[in-house]
Amino acid sequence: MILEQRVACTCFALGMGVVLVPMLTHFHLRELSDLSPYGAALYTAVVNGVLLFMCRGYLYQVGIRACGLGLAFGLGLWLSVAAVQWYMFGWYMCALSFFHFSEYIVTATYNPESLSLDSFLLNHSMEYGLAAVASWVEFGLEAWILPDLKQVPFLHYAGLFLVVGGEFLRKAAMLTAKSNFNHIVQSKKADSHMLVTHGVYQLCRHPAYVGWFYWSLGTQVLLCNPVCVVGYTWASWHFFRERVEDEEVTLLNFFGEQYLDYMQRVGTGLPFIQGFKANF
């Protein structure tokens, strides 16, 4: 395990400690409803002080991001248990924080040469951030004005299924591709770069994108956000359509006939997206 990986895992656990500490103290999950926001703020400040003392520069930036994601995961656990009306938002917080944390950890494990702070995907794009904020605002407004809209267990579990399934597929793709996977579309072929067509890549050409697409849609089904379900579906579909076409041009340049043959045998996996229209 490389140093950045150890720091990230340790700090994620420290962030989760905002919930784990009172849980271990009270010995019962229901006691988490007694979690004090002042105590959580103090704990976070102490952890940040420890990070400032123990880490410097890049490692501190890794640590503070992992700690923040661990804190969000811990608070999500607390919400899922202590807040009866908001338990689905707790599930959402756990899913969101774990997604970004695991992106960094898997990259650190299988492609450390490309590892950077961007591997957390926290600054994916301004549009990504605005979409997240929009989903929070919609959930809050609808929970206040139309609370019954949020109490649909079938949709909560359906969304959770999409989230877990999408996460599993994306990470399976990353683990299968290993060093051939990169968050940034590569413009230059490395000597070690190979075309991956086994494992989940036998099911679709872009399993990582398929997983992310359904994970993204699942988060909004989980929250029962009708506006964002439509918005996320439209925005994600257009994003991945353009991304797939750009990436496949690069892959055709890298692998030529080998990739053409693969395109003929296996679809993209994304609904109504055929990819780059090569002349077979």
Side-chain angles (χ1 to χ4, degrees), residues 1-5 7-9 11-12 58-59 61-66 68-69 72 95-132 163 166-197 199-201 204-219 232 235-255 259 268-270 273 275-276:
M1 184 179 288
I2 65 175
L3 180 59
E4 291 90 339
Q5 211 173 4
V7 169
C9 290
C11 291
F12 187 83
Y58 174 75
L59 286 180
Q61 295 299 324
V62 170
I64 201 65
R65 285 165 172 76
L69 291 171
L96 185 66
S97 54
F98 181 79
F99 172 83
H100 288 285
F101 173 70
S102 60
E103 289 288 308
Y104 186 87
I105 294 301
V106 174
T107 302
T109 303
Y110 291 102
N111 195 6
E113 293 79 10
S114 69
L115 188 67
S116 70
L117 294 176
D118 291 340
S119 299
F120 282 107
L121 294 185
L122 290 171
N123 58 340
H124 178 268
S125 66
M126 181 181 294
E127 292 79 7
Y128 182 79
L130 290 174
V163 166
E167 177 74 63
F168 178 83
L169 181 59
R170 180 169 174 82
K171 293 309 184 290
M174 294 175 70
L175 294 174
T176 302
K178 296 184 178 179
S179 62
N180 294 287
F181 182 91
N182 200 299
H183 286 119
I184 301 173
V185 176
Q186 301 296 289
S187 58
K188 184 177 180 181
K189 184 178 182 293
D191 293 337
S192 61
H193 200 172
M194 300 175 60
L195 179 62
V196 180
T197 60
V200 291
Y201 286 86
C204 53
R205 297 203 299 268
H206 301 279
Y209 294 160
V210 175
W212 197 355
F213 176 82
Y214 285 108
W215 177 90
S216 175
L217 176 60
T219 61
Y232 270 53
S236 296
W237 188 86
H238 281 274
F239 170 78
F240 286 119
R241 184 189 65 176
E242 294 178 4
R243 178 78 174 227
V244 163
E245 290 180 356
D246 290 343
E247 183 170 309
E248 292 196 331
V249 169
T250 300
L251 290 169
L252 283 166
N253 288 330
F254 285 0
F255 301 107
Y259 194 72
T268 66
L270 291 158
I273 294 179
F276 181 74

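All values below were derived from every heavy atom in this structure, side-chain atoms included, with hydrogens, water molecules and symmetry-related copies excluded. Along the sequence shown, residues are numbered consecutively beginning with 1. Quick caveat, the model's predicted, so the values are computed rather than measured.
Considering NZ of Lys171 and CG of Leu175, their distance stands at 9.0 Å, rounded to 0.5 Å. Atom CD1 of Ile105 sits about 14.0 Å away from atom NE2 of His100, to the nearest 0.5 Å. Taken to the nearest 0.5 Å, the OG1 atom of Thr107 stands 7.5 Å off from the CG atom of Leu121. If you take CZ on Phe276 and CD on Glu247, they are separated by 13.5 Å, rounding to the nearest 0.5 Å. Taken to the nearest 0.5 Å, the CZ atom of Phe98 stands 10.0 Å off from the CD atom of Glu103. Put simply, CG on Leu251 and OH on Tyr259 are 4.5 Å apart, with the number rounded to the nearest 0.5 Å.
Listed by chain and residue number, nothing satisfies the side chain to side chain donor-acceptor pair (under 3.5 Å) test with Thr250 (two or more places apart in sequence, or in another chain). Residues satisfying the side-chain contact (heavy atoms from CB on, under 4.5 Å) test with Phe168, not counting sequence neighbours, are none. For Phe99, the ring pair (Phe, Tyr, Trp, His ring centres under 6.0 Å) criterion is met by Trp212, Trp215, not counting sequence neighbours. Every ring pair (Phe, Tyr, Trp, His ring centres under 6.0 Å) that Phe254 has, sequence neighbours left out, goes to His193. The side-chain contact (heavy atoms from CB on, under 4.5 Å) search around Ala208 returns Arg170, Ala173, Phe181, not counting sequence neighbours. Residues passing the side chain to side chain donor-acceptor pair (under 3.5 Å) test with Tyr110: none are found, sequence neighbours excluded. The side-chain contact (heavy atoms from CB on, under 4.5 Å) check on Thr268 picks up Arg205, His206, Val244, Glu248, Leu270, Ile273, with sequence neighbours excluded. Not counting sequence neighbours, Arg241 has no partner by the side chain to side chain donor-acceptor pair (under 3.5 Å) test. Qualifying side-chain contact (heavy atoms from CB on, under 4.5 Å) partners for Ser97, counting only residues two or more places apart in sequence or in other chains: Leu69, Ala72, Phe73. Looking at residues two or more places apart in sequence or on another chain, you find no ring pair (Phe, Tyr, Trp, His ring centres under 6.0 Å) involving Phe213. Not a single ring pair (Phe, Tyr, Trp, His ring centres under 6.0 Å) links Tyr201 to another residue, sequence neighbours left out. Looking at residues two or more places apart in sequence or on another chain, you find no side chain to side chain donor-acceptor pair (under 3.5 Å) involving Glu245.
Closest heavy-atom contact between Gly199 and Thr176: CA-CG2, 4.4 Å. The minimum heavy-atom distance between Ser216 and Ser236, with the atom names listed, is OG-OG, 3.6 Å. The two residues Asn111 and Ser179 have their closest heavy-atom pair at ND2-O, 3.5 Å. For the pair Ala8 and Phe101, the tightest heavy-atom approach, listed with the atom from each and the gap, is O-CE1, 3.5 Å. Scanning all heavy atoms of the two residues, the minimum distance from Val163 to Ala95 falls at CG1-CB, 3.6 Å.
Side-chain contact check for Asp246 versus Val185: every heavy-atom pair is 4.5 Å or farther apart. Contact annotation: the side chain of Ser102 never approaches that of Met174 to less than 4.5 Å [non-hydrogen atoms, C-beta and beyond].
Within 6.0 Å of NZ on Lys189 lie more than 12 heavy atoms contributed by other residues, nucleotides or ligands.
Of the candidates Tyr232, Tyr209, Tyr214, Tyr209 is the only one forming a ring-ring contact (aromatic ring centres under 6.0 Å, His included) with Phe240.
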After noting the C-alpha distance and the side-chain angles of Leu96 and Thr219, does the key distance pass the side-chain contact (heavy atoms from CB on, under 4.5 Å) rule?
CA-CA 8 Å; Leu96 185 66; Thr219 61; 6.0 Å; no
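No donor-acceptor distance shorter than 3.5 angstrom exists from the side chain of Ser119 to the backbone of Leu115, with no hydrogens or angles considered.
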